[in-house]
Number of protein chains: 2
Amino acid sequence: MFTLAEENYLKTIYHLQQNVGVEVSTNAIAEKLETKASSVTDMVQKLADKQVLSYVKYKGTTLTEKGNEIAVNIIRKHRLWEVFLVEKLHYSWDEVHEIAEQLEHIKSESLIDRLEEFLGFPKVDPHGDPIPDQNGQFKKVEKQLLSQLAKGQKGICVGMKESERNFLRYLDKRSIAIEAEITVISKEDFDDSMQIEVNGNRFFISKKIAENLYVKIF
Amino acid sequence: MFTLAEENYLKTIYHLQQNVGVEVSTNAIAEKLETKASSVTDMVQKLADKQVLSYVKYKGTTLTEKGNEIAVNIIRKHRLWEVFLVEKLHYSWDEVHEIAEQLEHIKSESLIDRLEEFLGFPKVDPHGDPIPDQNGQFKKVEKQLLSQLAKGQKGICVGMKESERNFLRYLDKRSIAIEAEITVISKEDFDDSMQIEVNGNRFFISKKIAENLYVKIF
DNA sequence: AAATATATTTAGACCAGACTAAAAAAATGA
DNA sequence: TCATTTTTTTAGTCTGGTCTAAATATATTT
Ligand SMILES: [Mn+2]
Ligand SMILES: [Mn+2]
Ligand SMILES: [Mn+2]
Ligand SMILES: [Mn+2]
């Protein structure tokens, strides 16, 4: 039905649509896919013919309902495979994305549903991102950056913005992981550093760290 | 390193090399891959440049040591994924090949080794074919066709030649499966049909059935 | 409102991997 | 052996997906 390249375009456009506003620009797509704007124009015209996005010259693109469904399904596959790699094959957070990028394109009517069942219908992937169900439904996780919390607020760690290895190792050392409860003990105005408590341990973290951790308030 | 198309050529040439003699003909490859001879010539020349096979015009090709290794590794991946699909996701024999054809091309240094461990280092795939280890080593299963057994001989079912759905369903109904012990009770000369016993049950099978079941004598 | 800068599209090319049609080599057999 | 058939290769074309360079549209300054 759709080629690997086409699927990657749809997924990328979907993600850009969430972050920014409505219309997704040619250059934005090119940057994300590490390709050239001219290549994007070509592909976007082809995908418009296939009715999965609407495209207005010089203006940008938006996914159609159909395009959205396809994109969400790829994301569903990506995230379920990530869960498999971490839960069953014991990979760590930062190692799974690249492999999932390949696995998400495996074509089969039933495979992903069976995988989902095998995994016990997980609701989030190893990075705290929600996993769409068979119908593409999922609750947007209300995550915000830890840096946005005020003194005294609590949050549950649901993900990381970056997943650079050094950063993940830093977190591991302090037992900060998905599901960990984090309390802001104090916050410095001049450098935005904060003292937090995790699992009974208190320590200081810099602004940079706090801006890379997503938490869910409850 | 190698594209999906290249990997499929290597795998196919490997299989043809086992069945027939030494040199693999252009037409044989074309037939297996359901492509045209001219396409094969092109690809085979490219693969010769890449040192994975040797090619003599009008004569045929043979895999080099390197080509052999690559082919065996793809087969290793294919068969391990087949085990995963059957054992963990509860697919039946005849449903897994197509999906494994895709999964065998996933690229990762560690993935297949972790999968192998997760599966408990299986030695054979769901069709009774041996699974090469990390070094490409495997024992050739000494299988022969059930039709070649004489009256009174016993064998253990290790695989099927064809895996057409109807055939597999026929087998299921008679509880003939991998590992089942089959005894030849009698054999008719005029039509090569035979009476066999499986799990205490006796019944007649035609020549066609007997020629599609592989057994191992012990 | 021009002039300039930036974003986007078009035109033309390339590569991988396939195809058809024609040419050439090898095998077959009268 | 020489004519015919079969196999294989070559030549030329196509499609998907990419690229560079040039053209054109939009945005930003002056
Ligand atoms: Mn990912
Ligand atoms: Mn993820
Ligand atoms: Mn198979
Ligand atoms: Mn198999």
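None of the values given here were measured: they were computed from a predicted structure. Below, read A as the first sequence line, B as the second, and so on, with proteins coming before strands; counting in each chain starts at 1.
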Identify the residue among R79(A), Q134(A), R76(A) that makes a side-chain hydrogen bond (donor to acceptor under 3.5 Å, both in side chains) with E116(A). R76(A)
Tell me: CD of E31(B) to C1' of dT7(D), nearest whole Å? 13 Å
Lys/Arg N to Asp/Glu carboxylate O, K36(B) vs D42(B), below 4.0 Å: no
In this structure, how many angstroms lie between the C1' atom of dA16(C) and the CG atom of L47(B), rounded? 12 Å
Provide the full list of salt bridge (charged side-chain N to carboxylate O under 4.0 Å, His left out) pairs with a residue in residues 58-68 of chain B, sequence neighbours left out, each pair given once. E23(B)-K59(B)
Side chains of S25(B) and N27(B): any donor to acceptor distance under 3.5 Å? no
Between dA18(C) (C1') and L4(B) (CG): distance, integer Å: 14 Å
Could you run through nucleotides 8-15 of chain C and give me one letter per nucleotide, 5' to 3': B if any protein heavy atom sits under 4.0 Å from the base, S if only the sugar-phosphate is that close, - if neither? BBB-----
Quick one: is the NZ or CZ of K88(A) closer than 6.0 Å to the six-membered ring centre of F84(B), and within 45° of its axis? no
Starting at atom NZ of K36(A), determine the distance to atom C1' of dA7(C), rounded to an integer number of angstrom. 15 Å
For the residue pair D125(B) and H78(B), confirm or rule out a side-chain donor-acceptor distance under 3.5 Å. no
